[in-house]
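To start, the structure under review is shown below, and the notes come after it.
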Amino acid sequence: MASLNLEENIEIDTELIKKAYSLAVKAHSKSSEKAYNVEGSRRSSDPIIFSFSGCWSENGWYDGEPFGVTEINLPLLFPSLRSIGVNENALVNKAFLQRFVDKILGNSNFDREVQKAVKENKQILFTGHSSGGSIANLATIWFLEKYLRSDSPDNYKISPSSPLCVTFGCPLTGNHIFSHTLRRENWARYFIHFVMRYDIVPRILLAPISSIKLEFQKVFEFLNAKSVNLAHASIDTFDASNFYMKVMKNASSVVSHAACNLMGNTNLLLETVSNFIPLSPYKPFGTYVFCTGNGKLVILRNPDAVLQLLFYSSQLCTEEECADIAQRSLQQHFGYENELQDSFQMLNEVYLEPLEQIPLSSDSTSSDIATINSALNDLGLSTRARLCLCAARELEKRKIGNKESIDLKKPDIERAMKFLEEDYQLNGRHRGLGCYDAFKLHETPKDFEANVKRLELAGIWDEIIEMLKRYELPDTFEGLIDWVLLGTRYRRLVEPLDIANYYRHLKNEDTKAYMIRGRPKRYRFTQRWREHADRNKIPAESSGESCFWAEVEELRIKISSQGFEPIKKEVLQLEDQVLDWINNNKLDRDVLLEKSTFKKWWEDLPREHKLTSCIKDLMVVVGRSP
């Protein structure tokens with residue numbers, strides 16, 4: 001039995017791929033009847049295949065916005081589809097998302113059938129042709145969120161086989177955050193996308209609807225007729241050529257802009273151009289298998305390289321080819337069956353990664369790269385196209401290099417934190433003070449040394465945060481448990497010193513409260529890392545124990561100006577948090593020291609309140625009662 005090897009220990013039976021395509025086309029050709037089909041057998045070794053139908057109307061692709069995207073703000077369905085530190089939700093095609101939510105999840109049978117397959121420990125394969133592939137993508141992510149996420153509430157009950165999503169001629173589904181998220185969660189490996197060299201459908205969403213509106217409906221009427229096997233289906237050559245040229249023109253703008261960014265171009269003209277020329281936000285994800293047309297399968301995973309290949313592999317060699325290529329760009333959308341049949345007989349797989357091995361010249365005769373060079377020639381890649389692939393390689397190398405450089409700074413971080421955790425904390429306790437109060441008073445040489453360590457650490461962490469904001473670190477970085485734990489330690493240890501410095505210099509009087517205007521991004525980012533790592537246990541914005549002192553300072557100010565009653569609710573809320581944080585070792589007991597700002601403030605609260613306070617037992621001192 002032949003298998004297609006896609007690296008990362010993923011092998012797929014070629015017969016299963018052909019079956020998936022057959023079911024995907026069948027579902028799509030009957031798109032008006034059912035939103036999805038499910039097929040499987042009683043044999044435990046056979047997978048369950050869910051195939052999804054698509055849509056051939058303008059509203060089924062572009063809904064409102066020029067590129068049809070919307071923010072995917074569905075935390076219960078897709079909590080992972082967001083950039084963690086930057087705190088920005090991914091963008092996804094609105095029409096595809098709406099179809100999935102309404103037609104698939106809105107059908108109670110779908111969830112029930114998936115649960116049944118999971119309980120039987122069946123391999124589940126989601127598949128779709130054309131826009132049905134985008135629905136399959138969303139269904140797979142939903143499945144991963146619900147069943148395979150390590151902290152999923154359903155995960156402890158069942159342990160399903162990893163799913164697979166196989167699409168054919170699938171349009172792009174989401175933006176760079178969408179792609180970044182799947183790589184961060186290590187989910188991109190579950191997605192395999194087959195693309196014919198000239199198939200226009202995977203490239204359509206690189207163009208705004210305004211640029212292709214005149215030809216769009218005619219093209220889709222033709223594709224719809226072809227999908228239901230109407231032999232007489234045809235399209236005017238003029239409409240096909242115009243549609244092809246307009247899509248490719250917009251694709252050219254997108255990949256050129258992306259290539260400039262890959263090459264580290266900092267010219268401000270780039271940003272200016274993007275303000276005047278609408279650029280598609282979509283970005284690929286997963287493993288792409290490009291069919292060359294002569295039996296070879298070119299396999300690539302790097303999303304930046306895939307975007308370049310989507311454009312350059314379908315370029316014209318001469319203007320005279322336009323009419324022919326335009327027709328082929330539509331016909332090939334239904335040519336996957338024959339192409340896969342030929343390719344699977346040969347199983348001539350060409351892996352473009354690592355991208356270091358890509359030759360810049362189409363004439364290269366080196367024996368080591370002859371196979372790769374032949375495949376690139378079969379895709380019609382020019383020297384410029386190869387340079388763009390190399391630029392994607394260089395970006396990946398820069399990200400890895402940046403990660404290695406900050407890993408080298410871990411010992412510096414540990415040394416500075418060790419001083420604060422041991423020397424500085426011990427020095428304060430000898431004076432009856434916690435770190436916060438000692439730093440706020442700033443009376444000894446140790447306080448000066450602590451401030452130097454605080455600034456050293458701020459410099460390192462600010463550098464990391466700036467890299468993350470520019471996506472200059474590997475996509476997996478914010479999910480690395482060692483950095484999540486280190487960031488949490490750093491935040492709990494050092495943020496109180498930043499707060500002490502803020503209120504010692506009365507910055508709140510000039511720039512408002514610390515939490516409103518003063519909190520640095522390094523603490524916001526590291527807090528979100530931890531909340532994401534334990535997202536089933538910790539709600540967003542709920543692990544603010546490192547901001548405890550900022551809340552205390554603001555409550556002190558409010559009580560002095562407003563009195564106790566107007567802010568009683570806030571005081572009760574803080575006391576509940578203190579009890580939880582201390583009991584769970586998230587807040588140091590130094591806050592209860594006799595000289596603590598918090599202890600002094602609490603002692604001055606009304607006696608009636610203290611007698612019923614949930615922290616009264618924590619605050620009791622021998623010889624005194626509240």
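Note: F110 and W142 meet the aromatic proximity criterion, with ring centroids under 6.0 Å apart. Ring centroids of F285 and F178 are separated by less than 6.0 Å, placing the two rings close together.
When each of T371, D342, N348, D378 is checked for a side-chain hydrogen bond (donor to acceptor under 3.5 Å, both in side chains) with K296, only D378 meets the rule. Partner of H129 under the ring pair (Phe, Tyr, Trp, His ring centres under 6.0 Å) criterion, chosen from F194, F52, F334: F334.
The neighbour count for Q217 CD, taken as heavy atoms of other residues, nucleotides or ligands under 6.0 Å away, is above 12.
A donor and an acceptor atom, one from each side chain of S211 and K249, are nowhere located under 3.5 Å apart. Under 3.5 Å, the side chains of S313 and R203 contain a donor-acceptor pair of N or O atoms. Between R197 and N294, the side chains place no donor N or O within less than 3.5 Å of an acceptor N or O (distance only, hydrogens not considered). Remark: the R535 side chain and the S80 side chain contain an N/O donor-acceptor pair separated by less than 3.5 Å. S83 and Y471 are linked by a side-chain donor-acceptor pair at a separation below 3.5 angstrom, with hydrogens and angles left out of the test. When only modelled atom types and interatomic distance are considered, S134 and T173 share a side-chain donor-acceptor pair under 3.5 Å.
For the residue pair N373 and R386, the shortest heavy atom distance occurs at OD1-NH1, 2.7 Å. Across all their heavy atoms, S53 and A27 have their closest contact at CB-O, 3.2 Å. Contact record, S179 with P284: OG-O, 2.8 Å, taken as the closest heavy-atom pair. The minimum heavy-atom distance between F168 and A20, with the atom names listed, is CE1-C, 4.0 Å. When all heavy atoms are compared, the tightest approach of L138 to F78 is O-CE2, 3.7 Å. When all heavy atoms of A207 and V247 are compared, the pair lying nearest together is CB-CA, 4.1 Å.
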For T476 and N186, run side-chain contact (heavy atoms from CB on, under 4.5 Å): C-alpha distance rounded to whole Å, both residues' side-chain angles, the deciding distance at 0.1 Å, then the answer. CA-CA 8 Å; T476 56; N186 200 23; 6.0 Å; no
Step-by-step salt bridge (Lys or Arg N to Asp or Glu O under 4.0 Å) determination, E353 to R301: CA-CA 8 Å; E353 289 170 286; R301 289 172 300 167; 3.6 Å; yes
Take H333 and S130, measure what side-chain contact (heavy atoms from CB on, under 4.5 Å) needs, and give me the verdict at the end. CA-CA 8 Å; H333 190 55; S130 194; 3.1 Å; yes
Checking R393 against E396 for the salt bridge (Lys or Arg N to Asp or Glu O under 4.0 Å) test, could you report, in this order, the C-alpha distance in whole Å, the side-chain angles of both residues, the deciding distance, and whether it holds? CA-CA 5 Å; R393 171 197 71 197; E396 199 72 19; over 6 Å; no
Apply side-chain contact (heavy atoms from CB on, under 4.5 Å) to Y21 and E337, showing your working. CA-CA 7 Å; Y21 176 71; E337 183 175 13; 3.5 Å; yes
Can you list the steps and then say if N250 with V254 is a side-chain contact (heavy atoms from CB on, under 4.5 Å)? CA-CA 6 Å; N250 282 280; V254 172; 5.6 Å; no
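Here E221 does not pair with K218 in a salt bridge; the nearest charged N to carboxylate O distance is not below 4.0 Å. Of the charged side-chain nitrogens involved, at least one lies within less than 4.0 Å of a carboxylate oxygen, so that E215 and K246 count as a salt-bridged pair. E120 and K116 are joined by a salt bridge, as a carboxylate oxygen and a charged side-chain nitrogen come within less than 4.0 angstrom of each other.
From W61, atom CH2 reaches atom CZ of R99 across 12.0 Å, with rounding to the nearest 0.5 Å. Rounding to the nearest 0.5 Å places OH of Y336 at 13.0 Å from CG of N338. Taken to the nearest 0.5 Å, the CE atom of M196 stands 12.5 Å off from the OG atom of S314. Atom SG of C291 and atom CD of Q332 lie 9.0 Å apart (nearest 0.5 Å). Put simply, CG on L340 and NZ on K18 are 8.5 Å apart, with the number rounded to the nearest 0.5 Å. Rounded to the nearest 0.5 angstrom, I124 CD1 and E113 CD are separated by 10.5 Å.
For the pair E478 and L468, the minimum side-chain heavy-atom distance is below 4.5 Å. Put simply, the side chain of E88 reaches to within 4.5 Å of the side chain of I177, judged on heavy atoms. A heavy-atom distance below 4.5 Å is not found between the side chains of L172 and F67. At a threshold of 4.5 Å between non-hydrogen side-chain atoms, the residues L352 and L376 count as touching. In this structure, E472 and R398 have side chains that are not in contact, with every pair of non-hydrogen atoms separated by 4.5 Å or more. Two residues are said to be in side-chain contact when any heavy atoms from C-beta on lie closer than 4.5 Å; H532 and P79 fail this criterion. The shortest distance between side-chain heavy atoms of S329 and F243 does not fall below 4.5 Å. By the 4.5 Å heavy-atom criterion applied to side chains, C322 and M245 are counted as neighbours.
In this structure, Q123 contributes its side chain and S162 its backbone to a donor-acceptor pair below 3.5 Å. Side chain of T140 to main chain of A136: a donor-acceptor pair is present (N/O by atom type, distance under 3.5 Å, no hydrogens or angles). Judged by distance alone, with hydrogens and angles left aside, the side-chain atoms of N175 form a donor-acceptor pair with the main-chain N or O of L91 at under 3.5 Å.
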Side-chain donor-acceptor contacts of residues 303-311 below 3.5 Å, not counting sequence neighbours, with atom names and distances?
from	atom 1	to	atom 2	distance (Å)
D304	OD1	K283	NZ	2.9
Q308	NE2	V255	O	3.1

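For N59, the side chain to side chain donor-acceptor pair (under 3.5 Å) criterion is met by no residue, not counting sequence neighbours.
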